[in-house]
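Values below: all heavy atoms of this structure, side chains included; hydrogens, waters and symmetry mates excluded.
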Amino acid sequence: MEVESRKWVVLVATTWIQAFVGTNMDFPAYSTGLKSALGISQAQLNYISVASDMGKALGWCSGLCLLYFPAWAVLFVAAVMGLVGYGLQWLLLLDILTLPYFLVLMLSLLAGCSICWFNTVCYVICIKYFPANKALALSLSTSFSSLSGAMYNLIANSINPNDHKLFLLLNAVLPLITSAAALLVMIRYSPPDAPPLDGTHHHDTANFLLSTAVAISAGLYLLVLNSVSSDVTVARLVLTGAIVLLVLPLVTPLMVPGVVNISFQQEDSSFILIDKDHRELLEVQMQSPNGFLDRDLKKEDVDNNPLFKDERPVVLGEEHSTKLLITRLDFWLYYVAYMCGGTIALAYSNNLGQISESLGYHSDVRSLVCLYSACSFFGRLLSTAPDFLRDKMYYARTGWLASALVPTQVAFLLLVSSDSKAALTTATALIGLSSGFVYSAAVSITAELFGPNSAGVNHNILITNIPLGSLVYSHLAALVYEANIGKSDKVVSQDGSKVCIGWGCYHETFVWWWWISLLGLSCSLLLSRRSKTTYDRLERQKHRTHFMLLRPFPSSDGF
C-alpha cells in the first residue's frame, strides 16, 4: 500500500476509537438506576456526572505524555482507566460490590479522564498526518464520538433491551477492544517515517468527500433505525449494518492512486494554512518583525484600533506557551464562549434523563439520547463546511463558531415556553446539533489561534471549563429540582428516592441556562470580530500568492 494511502487507513482507525469512547453520552440511560442503588439525591447524582467532567481537567496530562511516550502507550492507559472506572460501577449495580459515594465520584472522575486521553491521541494523530487539512480530518474523526450513544444503545438492545446496567459494562469493555483493533491497524499501515507532505492534493478532497458521505450515511442509518431496534433480533441486524458502515471507509485508501516521487524528507512542524507551494512565502511573512501576514497592515493602524490596544493581532498558527496563552484576551473570550455555549449543552445531556422523567416522558429517554447523539454527530460533520466551502464562501472559523451557538438559544427558548414532547424533542435535536459543531470546530480553532504543535496541551487547558461549567450548571439544576421536591403535589417516590414531576422542576433552570448561553454567544461574537481581520488578511494573501505563483517569471536574458 502506498504511503499516501496509509494515512487514510490511520484516519479510519481513529474514527473507530472515537465511535466507542463517547461513553459519557449514555449516562442518562443508567443514571436513574445509579441513583437508586446509592440512595442519593438529585444533587448528589449530578455531582457524579460533574466528576466525570472533572476528569477532563486532567486531560492536559495526556498531551504531555504524548510528547514522551508513543500513542499506543497513552491509548492503553486510557483504556485501563475506563475499564476500572466503569467496571467497578457496573459491579455496584449488580450488588456484587458495595461502594461509598465518595469512591463512586472518584471512579467517575477516572472514567471521564479516560475519554479525554482517548480524544487527545486522536487529535494529535489527525494533526500529524493531515497538517494542511487538519480541520477536515479532525471534524471527520471526532464526529464519530457523537455516535457512541446510539451505538451503545444498539449493542445493549442486541443483548438485553431491558437491562440498563449493560451500559456500564459496555463502557468499560468496548473502548479497550476497539483501541486494540485500531492499534493493530495503525501499527500495520502507519507510514514508515514522516508522513508525506500534505498539501491540497485533489485526491485528498475527493477522499474527504467520500469519507464524509459514508459518515453521513452511518449517522442517518443509526438515527432512523435505532427507533425500531427495541427487539433483540432487529437490533442485531441493525448492529451488523452499523459495523459494516464503520468498516466501509477502509475502501477509501484503495481509491487513492499510487503517488510517485513523493519526498519523504522530515517535515518541519510549522503551521500550514495553505498548500505546500505557498509555504515558503508564508514562513517568511510569519518571521517578519511585526509578525503580520499582510504588509498592507500598518503598525499605526493597529495602535489606533481599540480591538488591538491590549496586544498585537493574532498570527494564525503562532505557537503559544501556557504562560502566553493565559495572558491573551482572545483565549479568555474563547474560554467563556466554549463554557457558556458548548459546556452548557453537556450539562443538558447529563440531566436529560431526569428532565424527560420530570416532564412525563421517562419511556422516551433512550430515544432522546439517540437523537441527541445523532444530531451531535451531524453537527460535528457540519463543522467541515468552512473547509469545503472555502473557495465559494469564505468565512472566518470563529464566525462559524458564533453562528453555531444560535440553535442553543432557540432550544432553551422552546423549553422555557413549552413542556410538550415536541418542544423537548426539537430542543434536544438543536442542542445536539449546536454542541457537536462547537466540540469539533474548537480543536481546529485552538490549533489556528494558538499553534498546532501546542494544541494537545492548549486544547486541554481550554476544556478545563467543562468541569467548572458542568459543576455550576448541574448544581443550579439540582437546586431548582430540590426546591420543587418541597411541593408535595409534585413529588412521587420511586425505589426509595424522591422524584420531582412537573414543568416547574426544570423551568427556572432553562431560564438561567438561556441567559448563560446568551453570554457565550456574546463572547463568541466579540472573538469573531477581533479575529476576523487576521483571517481575512490571510485569505487575501492566499489569493495574492496564488496569483504570483501563476504569473510567468521573466527569463534571465530579459525576454
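Other residues, nucleotides and ligands contribute over 12 non-hydrogen atoms within 6.0 Å of the NE2 atom of His507. Counting heavy atoms of neighbouring residues, nucleotides and ligands inside a 6.0 Å radius, atom CH2 of Trp514 exceeds 12 of them.
For the atom pair Leu430 CG and Leu414 CG, the distance stands at 6.5 Å (nearest 0.5 Å). Atom CG of Leu88 and atom CG of Leu103 lie 7.0 Å apart (nearest 0.5 Å). Here the straight-line distance linking atom CG of Leu140 with atom OG of Ser440 works out to 9.0 Å at 0.5 Å rounding. To the nearest 0.5 angstrom, Leu147 atom CG is 7.0 Å from Ser143 atom OG. Note that CD1 of Ile463 is 9.0 Å distant from OG1 of Thr343, once rounded to the nearest 0.5 Å. The CG atom of Leu34 lies 6.0 Å from the CD atom of Gln89; values are rounded to the nearest 0.5 Å.
Side-chain contact check for Ile17 versus Val121: every heavy-atom pair is 4.5 Å or farther apart. Residues Leu99 and Leu107 are in side-chain contact: their nearest non-hydrogen atoms beyond the backbone lie under 4.5 Å apart. Looking only at side-chain heavy atoms (C-beta outward), Leu222 and Asn153 stay at 4.5 Å or farther from each other. Side chains of Leu405 and Phe437 form no contact here, defined as non-hydrogen atoms less than 4.5 Å apart. Leu246 has its side chain within reach of Met151: a pair of non-hydrogen atoms, C-beta onward, lies under 4.5 Å apart. A heavy-atom distance below 4.5 Å is found between the side chains of Phe20 and Tyr152. Side-chain atoms of Trp8 and Phe208, non-hydrogen and from C-beta on, do get closer than 4.5 Å to each other. Looking at Tyr47 and His475, their side chains come closer than 4.5 Å, going by heavy atoms from C-beta outward.
The minimum heavy-atom distance between Pro407 and Ala404, with the atom names listed, is CD-O, 3.2 Å. When all heavy atoms are compared, the tightest approach of Trp503 to Leu415 is NE1-O, 3.4 Å. In terms of heavy-atom proximity, Arg380 sits nearest to Tyr439 at NH2-CD1, 3.3 Å. Of all heavy-atom pairs spanning Leu11 and Cys126, the tightest one is CD1-SG, 3.9 Å. Here the closest non-hydrogen pair linking Asn351 and Trp513 is ND2-CH2, 4.3 Å. The two residues Ala215 and Phe377 have their closest heavy-atom pair at O-CZ, 2.9 Å.
Under the side chain to side chain contact (heavy atoms under 4.5 Å, CB included) test applied with Leu371, the options Thr426, Leu424, Thr425, Leu352 reduce to a single match, Thr425.
Under a 3.5 Å cut-off, the side chain of Trp117 and the backbone N or O of Val74 do not form any donor-acceptor pair. The backbone N or O of Arg236 lies less than 3.5 Å from a partner atom in the side chain of Thr240, making a donor-acceptor pair. With hydrogens and angles disregarded, no donor-acceptor distance shorter than 3.5 Å links the side chain of Ser470 to the backbone of Pro467. Of the possible donor and acceptor atoms, none in the side chain of Ser179 sits under 3.5 Å from a partner among the backbone N and O of Leu176. Judged purely by atom type and a 3.5 angstrom limit, Ser435 uses its side chain to pair as donor or acceptor with the backbone of Gly432. A side-chain donor-acceptor contact under 3.5 Å links Tyr221 to the backbone of Val238. When atom types are taken as modelled, the side chain of Thr509 and the backbone of Cys505 share no donor-acceptor pair closer than 3.5 angstrom. A donor-acceptor contact shorter than 3.5 Å links the side chain of Thr464 to the backbone of Ile461. Using modelled atom types, one side-chain atom of Ser114 and one backbone atom of Ala111 make a donor-acceptor pair closer than 3.5 Å. A donor-acceptor pair under 3.5 Å is absent between the side-chain atoms of Ser517 and the main chain of Cys340, judged by distance alone.
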Inset, instruction - Given side-chain contact (heavy atoms from CB on, under 4.5 Å), test Leu519 with Ile516 step by step and report yes or no. - result: CA-CA 5 Å; Leu519 174 61; Ile516 292 169; 5.6 Å; no
Inset, instruction - Given side-chain hydrogen bond (donor to acceptor under 3.5 Å, both in side chains), test Glu508 with Asn484 step by step and report yes or no. - result: CA-CA 10 Å; Glu508 187 178 346; Asn484 280 276; 5.9 Å; no
Legend entry - Audit row: Tyr101, Ile48, side-chain contact (heavy atoms from CB on, under 4.5 Å) steps and yes/no: CA-CA 9 Å; Tyr101 175 70; Ile48 293 178; 4.0 Å; yes
Inset, instruction - Determine, stepwise, if the pair Asn157 / Asp231 fulfils side-chain contact (heavy atoms from CB on, under 4.5 Å). - result: CA-CA 7 Å; Asn157 286 344; Asp231 179 75; over 6 Å; no
Legend entry - Trp512/Tyr473 under side-chain contact (heavy atoms from CB on, under 4.5 Å): CA gap, chis, key distance, verdict: CA-CA 9 Å; Trp512 278 105; Tyr473 307 145; over 6 Å; no
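Checking Thr14 against Ser141 by side-chain atom types alone, a donor-acceptor pair falls below 3.5 Å. Neither side chain, Thr408 nor Tyr348, offers a donor N or O lying under 3.5 Å from an acceptor on the other. Residues Asn171 and Asp26 bring a donor and an acceptor atom of their side chains to less than 3.5 Å of each other. Side-chain atoms of Tyr334 and Thr446 form a donor-acceptor pair, as typed in the model, at a separation below 3.5 Å.
The aromatic rings of Phe510 and Tyr506 lie parallel to each other, with less than 30° between the two planes, well short of the 60° mark.
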Only pairs under 3.5 Å count here: list side-chain donor-acceptor contacts from residues 77-87, not counting sequence neighbours, and write none if there are none.
from: Tyr86; atom 1: OH; to: Thr23; atom 2: OG1; distance (Å): 2.8

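For Ser31, the side-chain contact (heavy atoms from CB on, under 4.5 Å) partners two or more places apart in sequence, or in a different chain, are Phe27, Leu45, Gln354.
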